[in-house]
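Encoded as structure tokens, the structure appears first; notes follow it.
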Amino acid sequence: MNISAAEEESAQEIHIPADIDWEMLDKSKFFFLGAALFSGVSATLYPVVLVKTRQQVAQVQLSGIGTAFSIVKHGGFQGLYRGFGTSLMGTIPARALYMAALEVTKSNVGSITVKLGFPEPTAAAIANAVAGLTAAMVAQLVWTPIDVVSQRLMVQSSSSQYRYVNGIDAFRKIVNSHGPKGLYRGFGISILTYAPSNAVWWASYSVAQRLVWGGIGCYLKGGGDETIRPDSKTVMAVQGASAAMAGGISALITMPLDTIKTRLQVLDGEENRLRGPTIGQTVRNLVKEGGWLACYRGLGPRWASMSISATTMITTYEFLKRLSAKNQEGLL
């Protein structure tokens, strides 16, 4: 299904480039270029993720800037990239799984919803939501163990119960202490966090794009009846703005779940060596430390991270799809 067809019909003054579906992609180029491009994006955003994680597990709260300065003071600038190698090793296969599941599901669900008689804008939103939900659940099979290991590396200090030399050492010690299931601590809450978050994000992104293009169409309405063909910079700007809006909404809705997930995987995991904590125990500990607002610790960095990440990721992703299309001329 051409997800962008609705935009082209509803805003006749603007010719919006067609969406690129799974069948139109050169798969080998898509995955190879995707690994390279998203590795660069991950490297750029990693310090913000590390600061957010430190804030979520800290019992004495500092601002995001204060936390960053503290990390640099005690570990130098390389401290902002603690655990990055481990994270990157897992991100590449997880991202490949995510992209494949996303595109296949979006294409299939989009076609089914249109055949069922849904209006195309509604079909596009449903397809995006289901694709985001499915992709997140599939990718968590790889992302959760990497999250557990990299987050342990992120937050370890001289007072930590366990000291990890690197990702392999952390992996070995976690398995020795808790068995393979220790690598999947927080898997359930990860699904509850990322699956709805991705569904909300992709559905919001679809709706936001229509609103932005609709606004541009209204603004240009008085300029005549001729068709306007936005250049690639305009298309990218609209995609980026829509992604930032969707990222902010998703961050706000799912922040408490993300804080609980991080606590389960890192702090409370070290305090309960023999038996992992329950979600209820983790919530009670958070509320005892700072009231219900403690569930929103790290919201600022996470809001910034998700908005910037969403903008960067979606523009990179759309650029990647255009680079990987089998028929470049057909995109114009």
If you take all heavy atoms of [X] and [Y], which pair is closest and at what distance?
{"X": "A68", "Y": "L80", "value": "O-CD2, 4.5 Å"}
{"X": "Y98", "Y": "A136", "value": "CE1-N, 3.8 Å"}
{"X": "L88", "Y": "S39", "value": "CD1-OG, 3.6 Å"}
{"X": "I92", "Y": "A35", "value": "CG2-CB, 4.0 Å"}
{"X": "V149", "Y": "G167", "value": "CG1-O, 3.7 Å"}
{"X": "G298", "Y": "Q55", "value": "CA-OE1, 3.6 Å"}

Problem - Over 12 foreign heavy atoms within 6.0 Å of CG, L211 - result: yes
Linked, directly or transitively: [X] and [Y] (ILVMFWY side chains, under 4.5 Å):
{"X": "L323", "Y": "M313", "answer": "yes"}
{"X": "L97", "Y": "M137", "answer": "no"}
{"X": "V72", "Y": "L50", "answer": "yes"}
{"X": "V130", "Y": "I253", "answer": "no"}
{"X": "M306", "Y": "L102", "answer": "no"}

Exercise for the section: I would like to know whether T86 and L153 meet side chain to side chain contact (heavy atoms under 4.5 Å, CB included); could you show each step before the answer? Expected result: CA-CA 9 Å; T86 302; L153 293 171; 3.7 Å; yes
Practice task
Would you please test L45 and I308 for side chain to side chain contact (heavy atoms under 4.5 Å, CB included) and show each step?
Solution key: CA-CA 8 Å; L45 297 173; I308 296 170; 3.6 Å; yes
Does any N or O in the side chain of [X] come within less than 3.5 Å of the main-chain N or O of [Y], such that one atom is a donor and the other an acceptor?
{"X": "S204", "Y": "A246", "result": "no"}
{"X": "S324", "Y": "L320", "result": "yes"}
{"X": "H74", "Y": "S70", "result": "yes"}
{"X": "S63", "Y": "G66", "result": "yes"}

Taking atom [atom1] of [X] and atom [atom2] of [Y], what is their separation to the nearest 0.5 Å?
{"X": "Q281", "Y": "I260", "atom1": "CD", "atom2": "CD1", "answer": "13.0 Å"}
{"X": "T259", "Y": "L299", "atom1": "OG1", "atom2": "CG", "answer": "8.5 Å"}
{"X": "T105", "Y": "N128", "atom1": "OG1", "atom2": "CG", "answer": "11.0 Å"}
{"X": "K27", "Y": "F31", "atom1": "NZ", "atom2": "CZ", "answer": "8.0 Å"}
{"X": "I279", "Y": "R263", "atom1": "CD1", "atom2": "CZ", "answer": "14.5 Å"}
{"X": "I71", "Y": "R82", "atom1": "CD1", "atom2": "CZ", "answer": "8.5 Å"}

Less than 4.5 Å apart, side chain to side chain, heavy atoms only: is that true for [X] and [Y]?
{"X": "Q239", "Y": "Y317", "value": "no"}
{"X": "R210", "Y": "P121", "value": "yes"}
{"X": "P47", "Y": "Y81", "value": "yes"}
{"X": "R297", "Y": "M255", "value": "no"}
{"X": "N166", "Y": "D169", "value": "yes"}
{"X": "T315", "Y": "F319", "value": "no"}
{"X": "N198", "Y": "L133", "value": "no"}
{"X": "F187", "Y": "L141", "value": "yes"}

Handout entry: Partners passing side-chain contact (heavy atoms from CB on, under 4.5 Å) against S87 (at least two apart in sequence or in another chain)
Key =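 Here the qualifying residues are Y46, T91, S150.
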Handout entry: Partner set under side-chain contact (heavy atoms from CB on, under 4.5 Å) for F118, not counting sequence neighbours
Key =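 Per chain and number, F118 pairs via side-chain contact (heavy atoms from CB on, under 4.5 Å) with T113, L116, T122, A123, I126.
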Handout entry: Donor + acceptor pair across side chains of S177, R172 (<3.5 Å)
Key = no
Problem - Pairs meeting criterion salt bridge (charged side-chain N to carboxylate O under 4.0 Å, His left out) with involvement of residues 50-67, two or more places apart - result: K52-D258
Exercise for the section: Tell me, please, which residues at least two apart from E318 pass salt bridge (charged side-chain N to carboxylate O under 4.0 Å, His left out). Expected result: none
Handout entry: All salt bridge (charged side-chain N to carboxylate O under 4.0 Å, His left out) counterparts of D26, not counting sequence neighbours
Key = none
Practice task
Start with the C-alpha gap between L25 and K321, add the side-chain angles, then the distance that decides, and say whether side chain to side chain contact (heavy atoms under 4.5 Å, CB included) holds.
Solution key: CA-CA 7 Å; L25 293 171; K321 286 170 69 175; 4.2 Å; yes
Practice task
Applying side chain to side chain donor-acceptor pair (under 3.5 Å), name anything that partners S250, two or more places apart in sequence or on another chain.
Solution key: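 Applying side chain to side chain donor-acceptor pair (under 3.5 Å) to S250 gives S197.
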Exercise for the section: Show the numbers, then the answer: is there a side chain to side chain contact (heavy atoms under 4.5 Å, CB included) between T254 and R302? Expected result: CA-CA 10 Å; T254 60; R302 186 167 190 255; 3.1 Å; yes
